[in-house]
J.: 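My questions all concern the structure below.
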Amino acid sequence: MINYFKMVWNYSIALLKGLGVTLKYMFQPKVTLQYPKEKAPSFDRFRGMLTFHIDECIACDLCVRACPSTCIALEAVRNEAGKKIIQNYTIDFGKCNWCRLCEEACPTNPKSVHHTNEYELVFMSRDDFKITWLKDAAGKPLVPVNAAGKPIGPWADVEEKHLSVGIGAHKAAPPAKVPVAATPEH
């Protein structure tokens, strides 16, 4: 008989603990995000899409060697001084497993390859999985292209979708356009 009352007491305490958690959250204000316009904040160590900055890469090939899924390829040529200059850099997102080893192997500071906070990227065809960053003849970075040679975003640095922010990022998001007020001259 005593065991029966002990069991009823223990089950009652467990039930009250569970209801206590429910009551604690029941009276807190509700948090609703209007999804397309508002995004949930990402965690500090979140690994979103990879991005690459061809102007900062030193063509050391360490990221290619560190990648366990061999999804990264780069082509480099040597200049007259014998220094390697990167020509193009390709990431195949169909093979990438977001392990972050390429970012850790990158010796440049700031990192030329890093994960961003982007988590809602959509590929519409198989060609879109393979992104190539190129330079023009003058060495200026071009807009990345997919396997079919079509320019693909959001890797282009535009205000709506800027992928230069994230874990290893070195660029801040572009500032919002603020109208500049004319300052009176003295």
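Hydrogens, waters and symmetry mates are skipped; everything else that's a heavy atom, side chains included, is used. What you see is a predicted model, and the numbers here were worked out from it, not measured in a lab.
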J.: Might you confirm whether atom NZ of K30 has over 12 heavy atoms from other residues, nucleotides or ligands at distances under 6.0 Å?
T.: yes

J.: Answer with yes or no whether the side chains of D127 and N146 bring together a donor and an acceptor at under 3.5 Å.
T.: no

J.: Output the distance between atom CD (E104) and atom SG (C99), rounded to the nearest 0.5 Å.
T.: 8.0 Å

J.: Using a 4.5 Å cut-off between side-chain heavy atoms of Ile, Leu, Val, Met, Phe, Trp and Tyr, which other residues end up in the same hydrophobic cluster as M7?
T.: M1, Y4, F5, V8, Y11

J.: Would a hydrophobic clustering, with Ile, Leu, Val, Met, Phe, Trp and Tyr connected at side-chain separations under 4.5 Å, put L142 with V145?
T.: yes

J.: Apply the test side-chain contact (heavy atoms from CB on, under 4.5 Å) to residues H53 and T51: give CA-CA distance (whole Å), side-chain angles for both, the deciding distance (0.1 Å), then the verdict.
T.: CA-CA 7 Å; H53 303 283; T51 191; 4.1 Å; yes

J.: Looking only at heavy atoms, which two atoms of C60 and R65 are closest? And how far apart?
T.: O-NH2, 3.4 Å

J.: Let me confirm one number: the CG-OG1 distance from D92 to T132, rounded to the nearest 0.5 Å.
T.: 9.5 Å

J.: Evaluate side-chain contact (heavy atoms from CB on, under 4.5 Å) for N88 paired with L74, printing each intermediate quantity in order.
T.: CA-CA 6 Å; N88 67 43; L74 70 84; 5.6 Å; no

J.: Which pair of non-hydrogen atoms, one from I85 and one from A59, has the smallest distance, and what is that distance?
T.: C-CB, 4.5 Å

J.: If I compare all heavy atoms of Y89 with all of C63, which pair ends up nearest, and what's the gap?
T.: OH-SG, 3.2 Å

J.: If you compare all heavy atoms of V113 against all heavy atoms of E103, which two are closest, and at what distance to 0.1 Å?
T.: O-CG, 3.6 Å

J.: Looking at every heavy atom in both D128 and M124, which two are closest together, and how far apart are they?
T.: OD2-N, 3.2 Å

J.: Kindly compute the distance separating NE2 (H115) from OG (S42), expressed to the nearest 0.5 Å.
T.: 13.0 Å

J.: Can you find a heavy atom in the side chain of K39 that is under 4.5 Å from one in the side chain of L33?
T.: no

J.: About how many Å separate CD1 of I91 and CE of M49, when rounded to the nearest 0.5 Å?
T.: 8.5 Å

J.: Report yes if the side chains of P107 and L62 come closer than 4.5 Å at any heavy-atom pair, otherwise no.
T.: yes

J.: Donor-acceptor pair, D136 side chain versus G139 backbone, under 3.5 Å?
T.: yes

J.: Report yes or no: does K111 contribute a side-chain atom to a donor-acceptor pair with the main-chain N or O of C106 at less than 3.5 Å?
T.: yes

J.: Under a 3.5 Å distance rule, please check whether R47 uses its side chain to pair with a backbone N or O of W98 as donor and acceptor.
T.: yes

J.: Give a yes or no on whether I72 and F123 share a hydrophobic cluster (residues Ile, Leu, Val, Met, Phe, Trp, Tyr; joining criterion: side-chain heavy atoms under 4.5 Å apart).
T.: yes

J.: Between atom CE of M26 and atom CG of L19, what is the distance when rounded to the nearest 0.5 Å?
T.: 10.0 Å

J.: When you group the ILVMFWY residues by side-chain heavy-atom contacts below 4.5 Å and let the links chain together, are F52 and V64 in the same group?
T.: yes

J.: Between I86 and K135, which heavy-atom pair has the shortest distance, and what is it?
T.: O-CD, 3.6 Å

J.: Answer yes or no: is there a donor N or O on one side and an acceptor on the other, between the side chain of S112 and the main chain of T108, under 3.5 Å?
T.: no

J.: Indicate yes or no for a side-chain donor-acceptor contact from T116 to the backbone of L50 under 3.5 Å, with no hydrogens or angles considered.
T.: no

J.: So, for F93 and F129, is the gap between ring centers shorter than 6.0 Å?
T.: no

J.: R126: what forms a side-chain contact (heavy atoms from CB on, under 4.5 Å) with it, not counting sequence neighbours?
T.: none

